[in-house]
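First listed ligand is number 1; within each ligand, the first listed atom is number 1.
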Amino acid sequence: MTLSRDTIYLAGAWTAPSSAETIPVENPATEEILGHVPAGTAADVDRAVAAARAAFTGWAETPMAERGAVLGKLHEALAARAGDIARTVGLELGTPLKVAKAVQAGLPLAVLRGYADLAAQPAREETIGNSLVVHEPVGVVGAITPWNYPLHQVVAKVAAALAAGCTVVLKPSELTPLVAYLLVDAADEAGLPPGVLNLVPGTGPVVGAAIAGHPDVDMVSFTGSTATGRAITHAAADRIARVALELGGKSANVILADADLAKAVKVGVGNAFLNSGQTCTAWTRMLVHRSHYDAAVELAATAAAAYTTGDPFDEGTRLGPLVSAAQRDRVRGFIARADARRVAGDAPVPDKGYFVAPTVFADVHPDSELAQEEVFGPVLSIIRFEDDDHAVEIANNSKYGLAGGVWGTPERALAVARRLRTGAVDVNGGSFNPLAPFGGYKQSGIGRELGPYGLAEFQQTKAIQR
Ligand code: NAD
């Protein structure tokens, strides 16, 4: 089976790209080439932006409820592809099939459904004195996404932008472009008006940079590394274009003295290792009160040993490969340089494929590289603290501020959660809410995605005085 695609999507039609150059897509579990996609060019971006601009006024003036109905059809067409989505992400990213079904396919479907429903509600308007305050779409949006949740990150932008009345030029990650094609297939089938959604695959420095610097792109919505977010912000600054950034994280899971230790460690390890640790919100620092510390280290090491690596399509596999050889080598570099006590990490991994054994370090210094830098692999760092103030100090000792967890009696845990300088905190394992605002403090980003806050990101605010 070849998964190759040879067209880009412009103005509602699958179209030949301007260059014959292609990008190979690799299966990181087998190191085999799954297929190829076009290597888009700046000329392709020009054509896509022109199509999005031409479609903008009509789509912006379409009543929001009608836009919601189109998103409902898109949801239906995408839901019919749920099996293909899970399989495709299993192949191009290596997510174990069970997780791929639940998260890589299930989450974007829930987010899309949420935006279809939100668009069906009356438009948000308010009166302040003699002013009527209305919200209007920002314009043409460039959406640039990474590989770790390759459909969710696309849908979080595209669904919100389309609901708001924006039109979109999408560039998925060159490592995992295939699942984005499934979304555009669904959009084509659902009858999205031509030009409302356009797809230009390609590399960051070529297609991504062309989108970020394009004079007719009104907003760039980006998810990825902090370094790239910085480059995109510089490019957009020249024309004062709006930028929304979802960047990296180094989130803390704080286990207080009165926590349910077994549950806190089990859920914490699972969170850190989800998607082989390639999760921006991963709780990669486990902060443990001294009274629980030794027990927590032992529990975490035992839990890590149960994360069997292997073929993502095997029922028994809990940990797939990392996305690429470069990512594996980067993670192994962090492990090799770590100045801490390694208590898990020797489990065998398959010879072929970009696997890293689930790894746990204890006695990690809060200022060390391991505690400060985003590893983006299955590596957990355990740090001891003395009291609640000390825990808050260590948790906030980070350039990032994306997510976190706190475990303890509800009131005390909530008090600590309020003190964490981070965009989201789960208290005692509170579950992920796809309608809640998602985004970072500090270098984890600017702006919020998901639910009504995510919609507002793609809107301008106008005051009409009467
Ligand atoms: P990356 O920054 O290398 O790439 C992300 C996207 O940006 C890709 O589509 C890439 O082609 C593009 N890109 C690269 N250089 C560019 C440039 N100069 N101009 C424009 N676009 C460019 O990140 P990645 O390696 O794909 O993803 C991993 C990183 O993303 C991690 O640091 C992770 O924490 C972060 N991330 C954050 C979130 C979040 O929601 N906060 C979600 C997922 C990933």
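- A salt bridge links D218 with R53: the distance from a Lys NZ or Arg NE/NH1/NH2 to an Asp or Glu carboxylate oxygen falls below 4.0 Å.
- Look at K157 and E449 and you find a salt bridge, because one of the NZ, NE, NH1 or NH2 atoms lies within 4.0 Å of a carboxylate O, short of that distance.
- Partners of D6 by side-chain hydrogen bond (donor to acceptor under 3.5 Å, both in side chains), not counting sequence neighbours: none found.
- Within 4.0 Å of ligand 1, contacts by protein heavy atoms are made from I144, T145, P146, W147, N148, Q153, K171, P172, S173, E174, G204, G208, A209, F222, T223, G224, S225, T228, I232, E246, L247, G248, C280, E374, F376, L402, F438.
- Of the residues listed (V37, L151, L178, L199), the one engaging P172 in a side-chain contact (heavy atoms from CB on, under 4.5 Å) is L199, and it is the only one.
- The side chain to side chain donor-acceptor pair (under 3.5 Å) analysis of residues 139-149, with sequence neighbours excluded, yields the pairs N148-Q153, Y149-T279.
- Legend: residues meeting side chain to side chain contact (heavy atoms under 4.5 Å, CB included) with R337, ordered by chain and number and at least two apart, are F334, E369.
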